[in-house]
Amino acid sequence: MLTKLTSGAASAGTALKVLGGAGVIRPYSPRTLVRLARTLKAWGTGPAGGFTSLALRVPDQVGIVDELGELTWGELHRRSNALAHALRELGVGEGDGVAIMARNHRGFVDASIAVAKLGADIIYLNTAFAGPQLVEVLERDQPRVLIHDEEFTDLVADASVDVRVLAWTEAGEGAAASDDDVATLEQLIEQNIDQRGGVDLEPPSRHGRLIILTSGTTGTPKGAPRSEAGVEAAVALLGSIPLRAGQRVHIAAPLFHTWGYAHLALSMLLGSTVVLRRKFDPEGFLKTLDDERCEAAAVIPVMLQRVLALPKDVQDAYRLPRLAVVASSGSALPGDLATTWMDRFGDNLYSTYGSTEVAYAAIAGPDDLRENPGTAGRPPHATTVKILDENGQEVPNGTPGRIFVGNGLLFEGYTGGGHKEVVDGLMSSGDVGRFGDDGRLYIEGRDDEMIVSGGENVFPKEVEDCIARHDAVTEVAAVGVDDDDFGKRLRAFVVVTADADVDEDDLKGWVKENLARYKVPREIVFLDELPRNATGKVLKRELAEQE
């Protein structure tokens with residue numbers, strides 16, 4: 001009991017220190033504090049409570065900046081009230097599901113807050129899913145309403161959802177829909193905001209769940225629901241990534257996936273100004289950071305790769321002196337990407353390792369990445385990571401095994417049934433890795449991607465990292481294929497720079513110089529680009545199907 005009390009006190013002390021340092025804990029008037037306490041008790045810490053609390057704390061502060069302009073937290077509160085009343089009239093109630101398929105813009109945020117205020121579940125759909133994938137997901141999860149950008153109309157045409165609302169039209173402002181029978185978010189808000197924008201809803205008896213889908217790179221996407229994040233999760237991230245209250249943060253990572261949404265959630269706590277753009281463009285990304293005076297950015301690794309592939313004179317046009325944090329997640333940083341980025345834009349890169357199911361597991365800061373660009377870093381506050389063998393026993397440092405994670409944000413099981421393997425309260429991340437003697441975590445690769453070549457275990461990631469370090473290569477992915485001599489070998493797919501003078505033999509020789517012979521790919525295929533989903537993950541299933 002004494003140990004538990006001591007541990008609890010230490011954890012509370014850490015939380016106070018981290019939250020105080022980030023500027024979350026600060027003086028408010030007694031009246032504001034009482035209203036905040038009531039709001040969070042009634043609405044929870046999800047979108048309904050988090051964004052409503054900002055309307056109480058800093059109503060006139062700019063909260064969202066997108067291609068249509070600025071919205072304050074007070075305006076977002078009134079807009080989401082109006083939209084929630086409208087959605088209720090469309091039949092949305094507690095426990096129902098509302099699917100949202102939208103890019104990064106105000107409509108995504110408006111809809112998320114409004115649905116949460118109704119106690120309904122939010123189902124975020126990947127904007128890169130194919131039509132059949134979407135139909136299958138919607139058939140499985142049965143949302144009451146589907147909210148989507150106009151550009152996805154054809155993709156969802158066959159979905160069995162009767163009530164649809166357009167989040168963004170090609171006209172931009174959502175004022176007019178392409179189909180007179182389909183309302184837009186903006187229309188619903190405008191029709192209700194004068195009479196209902198200032199009318200707060202009664203708190204629901206249950207807080208809606210957030211359902212984020214897996215990437216779908218190996219099959220039908222699974223829904224991974226989780227409850228609201230608590231203080232522990234915020235302390236874990238803020239204790240390792242120096243985000244601060246009031247910063248201007250460009251969330252370039254898709255909001256519908258774990259990493260982009262995590263930064264939207266942090267903005268509720270920090271009172272950050274969130275800068276959004278619907279689509280990623282490498283020079284446009286740099287220009288947005290510069291024009292909007294951003295101090296932080298949330299990205300996926302392929303975005304950094306594409307920025308660094310820009311001509312040097314374009315990169316040189318954007319010095320970004322205000323940029324203090326570039327928070328990356330979604331996939332591993334390939335090759336020497338970390339040091340290349342920091343050499344160009346400063347030591348501001350923070351890489352988070354995790355998955356949709358376990359959220360976060362380890363974070364690597366600039367010092368970690370300078371020492372070893374391939375590390376996943378160290379487990380953050382209140383996070384347990386263990387490397388287990390096939391029998392569920394922990395292995396010593398340096399020995400590879402399956403990665404199991406424990407933290408405050410593990411998902412609750414897939415919406416269609418099934419779960420990730422759990423051992424002693426720790427959940428499988430689906431990867432194989434090891435702890436080094438330096439205490440850092442190193443990822444070997446996906447446990448379902450390993451091949452046995454010539455009797456030796458080979459993970460594509462090691463070979464991909466090697467090829468990625470070649471000056472002519474900008475992107476690479478490898479998959480296992482049958483081989484008469486070795487049983488299995490890798491086939492590598494590479495994208496090279498426009499002026500590259502390199503062929504298959506050159507790259508095979510590069511691998512042979514750096515890795516064992518059985519790790520040299522059987523063949524190397526040159527592509528203009530790798531197939532990726534909207535979160536930047538390579539669609540290896542498509543590569544494996546290529547002859």
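Position 1 is the first residue of the sequence; numbering continues from there. Atoms considered below: every heavy atom in the structure, side chains included; atoms not considered: hydrogens, waters and symmetry mates.
- When the shell of 6.0 Å around CZ of R206 is examined, it contains more than 12 heavy atoms from other residues, nucleotides or ligands.
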* Asked: Can you check salt bridge (Lys or Arg N to Asp or Glu O under 4.0 Å) on E283 and R306, steps first, answer last?
  -> CA-CA 9 Å; E283 184 175 0; R306 291 178 179 172; over 6 Å; no
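- Residues meeting the salt bridge (Lys or Arg N to Asp or Glu O under 4.0 Å) test with K461, sequence neighbours left out: D465.
- Side-chain N or O atoms of T52 include none that pairs as donor or acceptor with a backbone N or O of G49 at under 3.5 Å.
- Rounding to the nearest 0.5 Å places CD1 of I64 at 9.0 Å from CZ of R106.
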* Given the rule in the salt bridge (Lys or Arg N to Asp or Glu O under 4.0 Å) test, do E475 and R532 qualify, once you have shown the distances and angles that lead to the verdict? -> CA-CA 11 Å; E475 298 182 60; R532 295 179 182 270; 2.7 Å; yes
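- For the residue pair W341 / N348, a side-chain donor-acceptor distance below 3.5 Å is found, with atom types taken as modelled.
- The main-chain N or O of V495 is found under 3.5 Å from a side-chain atom of T474 such that the two form a donor-acceptor pair.
- Between the side chain of E70 and the backbone N or O of V62, no donor-acceptor pair lies under 3.5 Å.
- Contact check for L243 versus H263: side-chain heavy atoms found under the 4.5 Å cut-off.
- Side-chain atoms of Q187 come within 3.5 Å of backbone atoms of T184 as a donor-acceptor pair (strictly under, hydrogens ignored).
- Of all non-hydrogen atoms in P380 and Y360, the two that sit nearest each other are CG-CD1, 3.9 Å.
- To the nearest 0.5 angstrom, L286 atom CG is 7.5 Å from Q315 atom CD.
- Note that CD1 of I122 is 8.0 Å distant from CZ of F108, once rounded to the nearest 0.5 Å.
- Residues Y353 and S429 have side chains in contact (heavy-atom distance under 4.5 Å, counting atoms from C-beta outward).
- Counting heavy atoms from C-beta on, the side chains of V92 and V163 never come closer than 4.5 Å.
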* To do: Take R79 and E186 through the test side-chain contact (heavy atoms from CB on, under 4.5 Å) and record every step on the way to the result.
  => CA-CA 9 Å; R79 286 169 63 88; E186 206 64 36; 3.0 Å; yes
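- In terms of heavy atoms, I251 sits closest to L255 at CG2-CD2, 3.8 Å.
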Show me the donor-acceptor pairs, under 3.5 Å and distance only, between side chains in residues 287-298 and residues at least two apart or in other chains.
residue	atom	partner	partner atom	Å
K287	NZ	D291	OD2	2.5
T288	OG1	G284	O	2.9
E292	OE1	R248	NH2	2.9
E292	OE2	R277	NH2	3.4
E295	OE1	R248	N	2.9

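- Q247 and T273 are not linked by any side-chain donor-acceptor pair at a separation below 3.5 angstrom, with hydrogens and angles left out of the test.
- Within the 4.5 Å cutoff, the side chain of P204 has no heavy atoms near those of the L118 side chain.
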* To do: Could you check L146 against V165 for side-chain contact (heavy atoms from CB on, under 4.5 Å), going step by step and ending with a plain yes or no?
  => CA-CA 6 Å; L146 170 60; V165 178; over 6 Å; no
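- Side-chain N or O atoms of H257 include none that pairs as donor or acceptor with a backbone N or O of W259 at under 3.5 Å.
- Between V161 and V145 there is no side-chain heavy-atom pair separated by less than 4.5 Å.
- The side-chain heavy atoms of V274 and V65, taken from C-beta on, include no pair separated by under 4.5 Å.
- Taking both residues in full, the closest heavy atoms of D149 and R103 are given as OD2-N, 3.0 Å, listed atom of the first, atom of the second, then distance.
- By the neighbour-count criterion of 12 heavy atoms within 6.0 Å, atom CD of E89 is densely surrounded, having more than that number from other residues, nucleotides or ligands.
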* Could you go step by step and tell me if D447 and D431 meet the side-chain contact (heavy atoms from CB on, under 4.5 Å) rule? -> CA-CA 5 Å; D447 57 9; D431 292 319; over 6 Å; no
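- A distance-only check finds no donor-acceptor pair linking the side chain of S272 to the backbone of L270 [under 3.5 Å].
- When atom types are taken as modelled, the side chain of R164 and the backbone of V156 share a donor-acceptor pair closer than 3.5 angstrom.
- Ring geometry for Y124 against Y261 counts as tilted: the plane angle lies between 30° and 60°, on a 0 to 90° scale.
- Listed for the Q61 side chain is a donor-acceptor partner under 3.5 Å among the backbone atoms of G271.
- At a threshold of 4.5 Å between non-hydrogen side-chain atoms, the residues I241 and V325 count as touching.
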* Evaluate the side-chain contact (heavy atoms from CB on, under 4.5 Å) criterion for residues V199 and N81: first the C-alpha distance (whole Å), next the side-chain angles of each, then the deciding distance (0.1 Å), finally the verdict. => CA-CA 7 Å; V199 180; N81 276 350; 5.9 Å; no
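- Here the shortest heavy-atom pairing between A361 and V405 reads CB-CG2, 3.7 Å.
- The minimum heavy-atom distance between A82 and I189, with the atom names listed, is CB-O, 3.8 Å.
- Taking each heavy atom of A252 and V299 in turn, the nearest pair found is CB-CG1, 4.4 Å.
- Checking E94 against S205 by side-chain atom types alone, a donor-acceptor pair falls below 3.5 Å.
- If you take CG on D60 and CD on E75, they are separated by 9.0 Å, rounding to the nearest 0.5 Å.
- Annotation: the span from S80 atom OG to D110 atom CG amounts to 7.0 Å, rounded to 0.5 Å.
- Separating the CD1 atom in I100 from the OG1 atom in T127 is a distance of 13.0 Å, to the nearest 0.5 Å.
- Side chain of T383 to backbone of P379: no donor-acceptor contact under 3.5 angstrom is found.
- R144 CZ: 12 or fewer foreign heavy atoms inside a 6.0 Å radius.
- L155 places none of its side-chain heavy atoms less than 4.5 Å from the side chain of F129.
- The closest donor-acceptor contact from the side chain of N407 to the backbone of V358 lies under 3.5 Å.
- Here H77 and W73 keep their ring centres 6.0 angstrom or further from each other.
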